[in-house]
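First listed ligand is number 1; within each ligand, the first listed atom is number 1. Just so you know, these numbers use all the heavy atoms, side chains as well, and skip hydrogens, waters and symmetry mates.
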Amino acid sequence: MAAARKKILVVDDDEMLRSLAADLLSAEFEVHTAVDGQDGWEKASALRPDLVISDLMMPRMHGYELCGLLKGEGGLPGVKVMVTSSKSFPTDISQATAAGADDYLVKPYMPDELLRRVRALLGLDGEPPKPQPEPARTARRAAPTSAELRVEPASAGRLPVYVRFWGVRGSCPTSNPGVAGYGGNTACVELRVGDTPIIFDCGTGLRELGDSLAREFKGRELQGHIFVGHTHWDHIQGFPFFTPFYNPRNKFMVFSVHGAHGSLGRIFTQSMSLDYFPVPLSSLAAKLGFVEMKGPVDLGAARVSFQHMNHPGVCIGFRVEVQGRAVTYLSDHEPFARLGGTSDLSLRQDAEIAAFARGSDLVIREAQYTEEEYTSRKGWGHSTYDDAARFALESGVKRMAITHHDPYRTDVELDANIEYCRGLIAKGGGSTDCFGAREGMRVDL
Ligand SMILES: [Zn+2]
Ligand SMILES: [Zn+2]
């Protein structure tokens, strides 16, 4: 007597395709059908089929979720899953594979091809299914080595060093004629040391920096270092749009600290997962590595140290020393004494941050609110212009660029607020040259 026929469940919300597949398979198999993912999950649980053939885009429950349920804990042990979909994007194929699909057949398919793949999956005859693209894994990525990381050594003589602002907005990018003077892109600052860009934060300003670097380094290898103070959206949204990442000749290292909920690499991998972006991080062509800083980083001619700031989650500021010149980048921050009251501890913590910046030729520091606005924004993790002025007086830095401008702040208001801040510094007897950071502005050091 012949063995019992294998059981197949066809899940598709397209009635015609569902019937076609069912007709085709029923000569050889016991076939059941379901009209969408939810129906498919219920019927699969009851029928325990050997194979589920599922569409991807269906109402109530899509194919990725169904795959996950069938193959996950509480699923059907031993069940095979074939996804059939008209979506032929490599990311969909790798994502379905990651969700548990054993095979992926792009629609429209030839009847013979379906039969051949089904037989192979069920271990009947035919060849086993073609190997699927590997799901995205950052561990497989080639990272630059430490020897490739160095900025030109000090022996190269005095290197030209300058800062250029590419994104000066905080919280959210903005665009309207009233803000065009200072610019609407979020946090991104370039510190150029000779031929090496050292980049602070990857807000939307990073896109234009990337295009500029791609033009400048056309046909040449580009090596850069990216320091991310924290990974809130306004500091990472430009990351996938940085065109130098798509050139296999280039090498970048991303530095920060471990995130509140996971590793630095994981945060960036997730930010480019299919739910957020069409291209996975593993597809970036450049050599890319992630370093969770435990202390100062020696880049040869430049040395970068960090300091924890007061901001919801994990947030650090950076200080770069290059051949006797120092630049400090401090965003985002709400002074400890402002938020927690003037206890010995909070005063000491604020003094530590001022000391971290002391002696800098340039401090890039945030100030997002007026004193009046602050009353309703206390605890949001940002400073006022008064805080910035106090900071200039305490740290005695040479120059201070105010950045992370509130998205609602117009050019006219910003001019007035910066003037107010300069007035406070002068009144306090300070000599810090304070100015508002604008997109495109260059400061030589
Ligand atoms: Zn921010
Ligand atoms: Zn933030």
Side-chain angles (χ1 to χ4, degrees), residues 163 165-175 179 182-191 199-209 226-242 254-262 264 266-268 270-271 276 292-293 306-319 328-336 338-340 349-350 353 356-357 363-370 373-374 376-385 387-388 391 400-409 414 417-418 436-439:
V163 161
F165 295 94
W166 294 92
V168 297
R169 255 336 123 167
S171 308
C172 181
T174 180
S175 171
V179 301
Y182 282 88
N185 279 310
T186 61
C188 181
V189 176
E190 174 192 16
L191 169 67
I199 299 164
F200 299 111
D201 282 344
C202 305
T204 60
L206 185 72
R207 188 182 62 84
E208 281 178 47
L209 167 57
I226 300 173
F227 288 83
V228 180
H230 71 308
T231 51
H232 287 167
W233 279 351
D234 51 329
H235 299 256
I236 62 165
Q237 272 184 327
F239 191 86
F241 299 97
F242 188 59
V254 180
F255 296 90
S256 189
V257 287
H258 196 81
H261 293 296
L264 183 63
R266 181 166 165 254
I267 292 169
F268 278 95
Q270 284 183 332
S271 77
Y276 302 102
E292 292 183 349
M293 296 171 78
F306 71 90
Q307 165 76 40
H308 281 278
M309 313 291 290
N310 195 29
H311 190 67
V314 181
C315 180
I316 56 176
F318 301 103
R319 178 183 175 116
T328 306
Y329 177 81
L330 305 172
S331 179
D332 307 5
H333 177 61
E334 181 168 1
F336 287 96
R338 220 37 220 272
L339 185 63
Q349 286 170 315
D350 286 334
I353 296 174
F356 181 68
V363 164
I364 300 154
R365 191 205 190 279
E366 79 133 276
Q368 190 155 348
Y369 304 130
T370 63
E373 288 163 347
Y374 181 74
S376 60
R377 289 161 175 75
K378 189 172 173 170
W380 289 21
H382 297 290
S383 301
T384 67
Y385 299 96
D387 295 328
F391 181 83
M400 178 169 71
I402 299 285
T403 191
H404 207 273
H405 309 310
D406 192 86
Y408 291 101
R409 190 83 59 218
L414 255 178
N417 293 345
I418 299 296
R438 289 172 184 266
E439 270 179 38

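- Among the backbone and side-chain atoms of His232, an N/O/S atom is found under 2.8 Å from the Zn ion (ligand 2).
- Taking 2.8 Å as the criterion, Glu366 does not count as a coordinating residue of the Zn ion (ligand 1), since none of its N, O or S atoms falls below it.
- Relative to the ring axis of Tyr182, Arg409 does not place its NZ or CZ within 45° and under 6.0 Å from the centre.
- The aromatic ring centres of His404 and His235 sit less than 6.0 Å apart.
- When distances from the Zn ion (ligand 2) to the N, O or S atoms of His311 are compared, NE2 comes out shortest.
- The Zn ion (ligand 1) sits nearest to atom OD2 when only the N, O or S atoms of Asp234 are considered.
- Contact check for Arg169 versus Glu439: no side-chain heavy atoms found under the 4.5 Å cut-off.
- Between Met309 and Glu366, every side-chain heavy-atom pair lies at or beyond the 4.5 Å cut-off.
- Contact of the Arg319 side chain with the Leu330 side chain is not registered, since no non-hydrogen atoms from C-beta on lie closer than 4.5 Å.
- In this structure, Thr231 and Ser256 have side chains that are not in contact, with every pair of non-hydrogen atoms separated by 4.5 Å or more.
- Per residue Asp332, closest N, O or S atom to the Zn ion (ligand 1): atom name OD2.
- For the Zn ion (ligand 1), the N/O/S atoms of His404 include one lying under 2.8 Å.
- Put simply, His235 stays out of reach of the Zn ion (ligand 2), with no N, O or S atom under 2.8 Å from it.
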